[in-house]
Amino acid sequence: MLPKGPYKPSETEAEMLKFWLDHNFYAPEYTSDRELSSAHLPERESFMITLPPPNANGNLHLGHMSGYAYQDLMGRYQRMLGKKVLLLPGKDHAGIQTEVVFEKELAKKGKSKKDLGRETFYKACYKFCMDNSATARNQEKKIGLSADFERELFTLDPKIVDEVLKAFILMYEDGLIYRGKRIINWCPRCSSALADIDTEFKDSQSPFIYFKYGLIDAEPYAVSLKNKFAGKEIEVTVERSKGDKFTTKNGEEYQWPFDYYGYIAGEKNPNDGEDLDAWILGFDNLKKGDKVTGKAEAIMMRFDKDYKLIVINPEKNLNELQDELEKLFLHYCKHFAGVHIIKFADYPEDKFYNNGFIIGTVRPETIFGDTAIAVDPDDWRYQEFLGKSFAVRTITSTTKLNIIGDQAVDSEFGTGSLKITPAHAMEDWDIAKRHQTECMPEKQVINFDGTMNHLAGKYNGMKADEARKTMLEDMKTAGMLISIDTAYENRIRICERCKHPIEPLVSHQWFVDTKPLKAKAKELVEQGFTEIMPEGKKKTYFDWMNTPEDWCITRQLWWGYRIPVWYKGTHEQFIDENGVVREKIAGKTISENSDYQDLLYVGLDNPNSQSETLDVIRHAETDNNHIGRISGQNDSQINANGVTQTGLLAKKLKSENTGYDLIISSPLKRTYTTATIIAKELGLEVITDDRLKERNFGILEGLLWQEAELKYPEFTSANDANYQETIPGGESIQEVESRVQEFIADIKQKYAHKKILIVTHSGVIRVFKRELGGETPAASRAHEINNLEINSFPFRLPVTDNRSPIWNQDSDVLDTWFSSGQWPYLTLKASGVNDYQDFYPTQVMETGWDILLFWVTRMMLLNPYRAAKELQKSNGKPWDQQPGEKIAPFKDVYLHGLVLDKNGVKMSKSKGNGIDPFEMMQKYGTDALRLSFILGNSVGQNYRLYEEKIANNRNFCNKLWNAGKFILMNLEDFELRISNLESQLRATSYQLPNLLPADQEMYNHIQQLHQDTTRRMDSFQFGIAAQELYDSFWHTFADIYIEKVKSRLYTKDREGNPINQDEAAQQSRKAAQAILYFCMNAYLKMLHPFAPFITEKIWQALPKSEQEAESIMYCKWKIK
RNA sequence: GGGUGCUUAGCUCAGCUGGUUAGAGCUACUCGUUUACACCGAGUAGGCCGAGGGUUCGAAUCCCCCAGCACCCACCA
């Protein structure tokens, strides 16, 4: 029975949540005892969603919740289809974001990260994340997310870290990761490189400065012509008149189109040494050889740098002739292409060359880093300069600039000439790379801390923006400043996290060569191994995959995976005297083309201690050993033979000069005695450690092995299956393993650089074989371990600072996306023994469309690579030739829309228009909120969410509740046969084929609805599925069918008198009950993925058969 | 500059592979508390499905083009 009154979500939700969690329903291993035996487990089809890991320190917002609603509904639906479902949760360390947040935390206590030091900072930050992640995890539980929380992983979990570093190493070995020098976004405050996606733009008004680069020892010819002829009378000898035939240099014949043509007496064109030409307009009756005088009014300039003066009749003026001239030029454009007439009167003084280049810039302080001036190669104004180089005046000195032509320059913008500063502007770097010889090497004038360096002369040491202001004054004084446009609007790139302006800088970083990975990622979608929904987003995906941009994966932070790269000697990056960014290893500058071959080591282990080994020895013989009796932790002593043998061994060790610093022993007598004998001979101390004790064999201890094998085969058979079997009173192998693992980790820390001898037992030695020897569990058990047998394992100890190591580890950490980009692979590798085999490739990646380019693309780059490398181990084929269906990380990418506020504006903290999901859940119920994310929405489409919507869905839940109550009230005498409508109806005369019309209609309706819903669910049309269920339940089932059958259900009238007592009425009543029960069951099941709490609650209250599952979560989706 | 999505009732949105009279919720109005529910029921009103063109027996749906809005990517010297 359900309690009276309206539906109270908070009570039901707390109760259901506890029920689900207590029964471990979320684990894929769960099977209902009543439905399936665990023997069937491996055969079940698997369905997995790797959940997008939220930031470990963040509070979850509505966006996260909407994602969970979609992910969970898919999971719940698939679970009801009988699949083995895993929704794998995780938390992200969120690199720079968390580092900045935690630095602020520290600042509150008056500390900086430098005060703590790298290690302490990392540990503190780790703790900070772990503490905070509980909040997010509880919130995930609260929304009803049926994820297996036991499997939750943090991106910096040690199990994950090793796998991430392995990816770096594999990719390095495959040539997919390289060290390169490139311009990158640099945040001077964070002191780190940033990817474009770690930055954002801010609108700003910056003064746009026009200044002149004065040419020192060169005067443009056009300028000299102007200076010589503008407005002056010149004498011209006539050569040709209108209509005269002439032949061009390429042999084409033309008729002269203009009035006259001639040359200026006594003037030679220095470009070709020929007579300086003149076009004569407006004189009458001249003939060849005549000499005329006139005023030169303009230069006609052609792209082949051929200058002609136009001389005109003083009675006519050039403006009047302009149109006519242009028409003529157009007509003859084949020959005269690229002709410009420059009137002396309008001769440009300030917007382009005039004995120099006028440059427009917002960053004058970078002029010391200029290597060239670029112009549009087709820009007529700069033709005579192309390919030349000029000495120009800066404020304090002079420098030489090459003039290059590049299509990237927009001749319309500013003055059409662009200063090239390869070290401090992205676009400039690209242009400079296209013109290596003219523009490179770079001249970096701003240091990594954002101050000007030695190349900036008197500005050396100033902050860049300070230098900018000071320079304005100085430019004015030096006569360089032409004008300032103070209203200029531009966008400044800033650090997404700390909002400090980004300084583009050249720097050595590690890059991923994305070309082969992108090609593969593209192919996987093209060939349909991964589908992207909505369809339209495929294009965005392909566009990104087609952009051949390499990925800078290193960040200069502390919070993250420190890269497994080591330099032979001290390593530093610096700016040399010419402004070139270089690297130095062990004091030696790396040459530009060096491949670092002998100077780099890339690997998981510290190369400084590569030769170290750890020796592990078994204790000497005991009487029990002799007869094959199990000792375990039962304390037996070594026998006389053992003492003798140990003595001999100790002498041998001494003579071999093994150089042990320390002996660590199990505290049991047989090992401790063995250790002491050796220690005495070598003059060492013995330290004991409980974790080295033999496995506790519990009830097996004292038995002979033969006896034990007969009596307890389940504990003695050597196979992987009894790995987790705990012997009564004793330990499982797994337990031994974990204490030994802990021990190993400890001594790595504690006894760095000590050479250690371990004295222990065979069970423990087998763990060493697995952990350090890389042996499989089976191999580690394959051989008997003899008394006093020494096993040497490679054991690399961390380096301490006071040891001055040869190899220094790179201090950089990896970009967060490098790890989250492998997330499905990493989590499955780390979460359980067989999870990778069982669940990779996963089925669905569900996330917001805004994450497509950040995350999904990167997962499509890295996961297929990792999976392919895994396959390569067994079949030897190169990674890029592995089958797509095995390496694609997921079959479908479902991108949900973003939640907007009532006015269609994206919710954000700063706008304050966000809705607190927990407040809504409190007020209207989690199911109501979840329905609001789904109902009527379609894939990839943003949707508005506001309180009325949620309230409306609360009403729906209440309707469900009341209908449930009503049905239960009328099922009091209902005897459930089995949960099958047909047998339920058998006691009545209304069998399936001849139901009452109303029943028949309802029955048909729900069959159709179930079919439709299934189709919708299978084709990801969740919004429609939910809408149809909503409408059907409310308006067909509740409003129509229930109303119709009421009269058949009642056994008493309003006054309490019995009615419907005869046999026919009873049968009709039973039929109605059967249909009601059948439909309600079906609705609850179909609605469960959308509204899990209330459906479970009502379903629990309905009569159930013995065979039915414990929870609606494990009900069969099919209705019968 | 390149791209994507949207435009359907007063408002917010569905409408899958083209097929009877275009749907829902909210809002408005009318009526109704009869043993689930006023967080309700019965009903009414409200739409040349952005404009134009095409394909088709038939178009909100497919194609072309235009306009407006929103967003994404790149660039902004």
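These numbers come from the heavy atoms of this one structure, side chains and all, not from hydrogens, waters or symmetry mates. In this text, all values refer to a predicted model and were calculated from it rather than measured experimentally. Residue numbers begin at 1 in each chain, while the letters A, B, ... track the order of the sequences.
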With a non-hydrogen cut-off below 4.0 angstrom, is [X] in contact with a base, only sugar-phosphate, or nothing?
{"X": "A:Lys906", "value": "nothing"}
{"X": "A:Val362", "value": "sugar-phosphate"}
{"X": "A:Phe542", "value": "nothing"}
{"X": "A:Ala1038", "value": "base"}
{"X": "A:Ala425", "value": "nothing"}
{"X": "A:Tyr943", "value": "nothing"}

- Task: Please name all residues satisfying salt bridge (Lys or Arg N to Asp or Glu O under 4.0 Å) with A:Glu200, sequence neighbours left out, ordered by chain then number.
- Result: A:Lys499
Could you pull out every donor-acceptor pair under 3.5 Å between side chains of residues 1024-1032 of chain A and any protein atom, sequence neighbours left out?
unit_1: A:Glu1028; atom_1: OE2; unit_2: A:Arg1016; atom_2: NE; d: 3.4
unit_1: A:Glu1028; atom_1: OE2; unit_2: A:Arg1016; atom_2: NH2; d: 3.0
unit_1: A:Tyr1030; atom_1: OH; unit_2: A:Asn952; atom_2: ND2; d: 3.3
unit_1: A:Ser1032; atom_1: OG; unit_2: A:His1005; atom_2: NE2; d: 2.7
unit_1: A:Ser1032; atom_1: OG; unit_2: A:Tyr1083; atom_2: OH; d: 2.6

Once the angle between the rings of [X] and [Y] is folded into 0 to 90°, is it parallel (under 30°), tilted (30 to 60°) or perpendicular (over 60°)?
{"X": "A:Tyr213", "Y": "A:Phe211", "result": "perpendicular"}
{"X": "A:Tyr382", "Y": "A:Phe385", "result": "tilted"}
{"X": "A:Trp817", "Y": "A:Phe854", "result": "parallel"}

Minimal non-hydrogen separation, [X] against [Y], with atom names:
{"X": "A:Glu503", "Y": "A:Ile446", "result": "OE2-CD1, 3.5 Å"}
{"X": "A:Lys537", "Y": "A:Leu852", "result": "O-CD2, 3.7 Å"}
{"X": "A:Tyr943", "Y": "A:Ser932", "result": "CE1-O, 4.1 Å"}

- Nearest-nucleotide comparison on RNA chain B, the residue closer to the 5′ end among A:Lys419 and A:Ile1059: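 Going by which nucleotide is closer to the 5' end, it is A:Ile1059.
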- Item | 5′-ward residue of the pair A:Arg954/A:Glu948 relative to RNA chain B |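 With A:Arg954 and A:Glu948 compared, the 5'-side residue is A:Glu948.
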For [X], check side chain to side chain contact (heavy atoms under 4.5 Å, CB included) against everything at least two apart and list the hits.
{"X": "A:His61", "result": "A:His64"}
{"X": "A:Ser411", "result": "A:Asp376, A:Asp379, A:Arg381"}
{"X": "A:Lys923", "result": "A:Glu947"}
{"X": "A:Lys1052", "result": "none"}

- Message: Any N or O donor-acceptor pair under 3.5 Å from the base of B:A36 to the side chain of A:Lys1046?
- Response: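 Side chain to base: pair present.
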[N] [atom2] sits how many Å from [X] [atom1], rounded?
{"X": "A:Leu960", "N": "B:C37", "atom1": "CG", "atom2": "C1'", "value": "12 Å"}
{"X": "A:Ile197", "N": "B:A74", "atom1": "CD1", "atom2": "P", "value": "10 Å"}
{"X": "A:Asp485", "N": "B:C76", "atom1": "CG", "atom2": "C1'", "value": "14 Å"}
{"X": "A:Lys8", "N": "B:A36", "atom1": "NZ", "atom2": "P", "value": "18 Å"}
{"X": "A:Ile492", "N": "B:A77", "atom1": "CD1", "atom2": "P", "value": "10 Å"}
{"X": "A:Tyr1030", "N": "B:C13", "atom1": "OH", "atom2": "C1'", "value": "13 Å"}
{"X": "A:Leu945", "N": "B:C13", "atom1": "CG", "atom2": "P", "value": "11 Å"}
{"X": "A:Asn962", "N": "B:A38", "atom1": "CG", "atom2": "P", "value": "7 Å"}

- Structure string for RNA chain B in dot-bracket form, Watson-Crick and G-U at under 3.5 Å, | interchain: (((((((..((((.....[...)))).(((((.......))))).....(.(((..]....))).))))))))....
Report yes or no: is the cationic atom of [X] (NZ for Lys, CZ for Arg) closer than 6.0 Å to the six-membered ring centre of [Y], at no more than 45° off its axis?
{"X": "A:Arg182", "Y": "A:Phe511", "result": "yes"}
{"X": "A:Lys1046", "Y": "A:Phe966", "result": "yes"}
{"X": "A:Lys518", "Y": "A:Trp544", "result": "yes"}

- Is the ring of A:Trp961 stacked on the base of B:C37, with centres less than 5.5 Å apart and planes under 30° off? no
- Check the side chains of A:His896 and A:Glu846 for a donor-acceptor pair under 3.5 angstrom, ignoring hydrogens and angles. yes
Pairs under 3.5 Å (N/O, protein and nucleotides 43-47 of chain B):
none

Say we look at [N] and [M]: how far apart would their [atom1] atoms be, to the nearest angstrom?
{"N": "B:U7", "M": "B:C63", "atom1": "P", "value": "14 Å"}
{"N": "B:G15", "M": "B:G23", "atom1": "C1'", "value": "7 Å"}
{"N": "B:U35", "M": "B:G41", "atom1": "P", "value": "16 Å"}

- Message: What I'd like to find out is whether the side chain of A:Met426 reaches to under 4.5 Å of the side chain of A:Asn185, using heavy atoms alone.
- Response: yes
- Message: What I'd like to find out is whether the side chain of A:Ile373 reaches to under 4.5 Å of the side chain of A:Ile420, using heavy atoms alone.
- Response: no
- Task: Check whether any side-chain nitrogen or oxygen of A:Arg944 sits under 4.0 Å from OP1 or OP2 of B:C13, and answer yes or no.
- Result: yes
- Between A:Asn952 and B:C26, does any side-chain N or O lie under 4.0 Å from OP1 or OP2? yes
Among [options], which is the nearest nucleotide to the side chain of [X]?
{"X": "A:Tyr946", "options": "B:A36, B:C75, B:U12", "value": "B:U12"}
{"X": "A:Met969", "options": "B:C39, B:U35, B:C37", "value": "B:U35"}
{"X": "A:Trp849", "options": "B:A36, B:A77, B:C72", "value": "B:C72"}
{"X": "A:Tyr1050", "options": "B:U35, B:A77, B:U12", "value": "B:U35"}

At a cut-off of 3.5 Å, list every protein nitrogen or oxygen paired with a nitrogen or oxygen from nucleotides 15-23 of chain B, distance to 0.1 Å.
unit_1: B:C16; atom_1: O2; unit_2: A:Arg1015; atom_2: NH2; d: 3.2
unit_1: B:C16; atom_1: O2; unit_2: A:Arg1016; atom_2: NH1; d: 2.3
unit_1: B:C16; atom_1: N3; unit_2: A:Arg1015; atom_2: NH2; d: 3.4
unit_1: B:C16; atom_1: N3; unit_2: A:Arg1016; atom_2: NH1; d: 3.3
unit_1: B:C16; atom_1: N3; unit_2: A:Arg1016; atom_2: NH2; d: 3.3

- Identify, with sequence neighbours excluded, every residue that meets ring pair (Phe, Tyr, Trp, His ring centres under 6.0 Å) alongside A:Phe1022. A:Tyr894, A:Phe1020
Listed pairs, N/O of protein and of nucleotides 40-42 of chain B, under 3.5 Å:
unit_1: B:C40; atom_1: OP1; unit_2: A:Asn955; atom_2: ND2; d: 3.3
unit_1: B:C40; atom_1: O3'; unit_2: A:Lys959; atom_2: NZ; d: 3.3
unit_1: B:G41; atom_1: OP1; unit_2: A:Trp1034; atom_2: NE1; d: 2.2
unit_1: B:G41; atom_1: OP1; unit_2: A:Asp1039; atom_2: OD1; d: 3.3

Produce the list of close N/O pairs, under 3.5 Å, pairing protein atoms with atoms of nucleotides 4-10 of chain B; give distances to one decimal.
unit_1: B:G5; atom_1: O2'; unit_2: A:Gln941; atom_2: NE2; d: 2.8

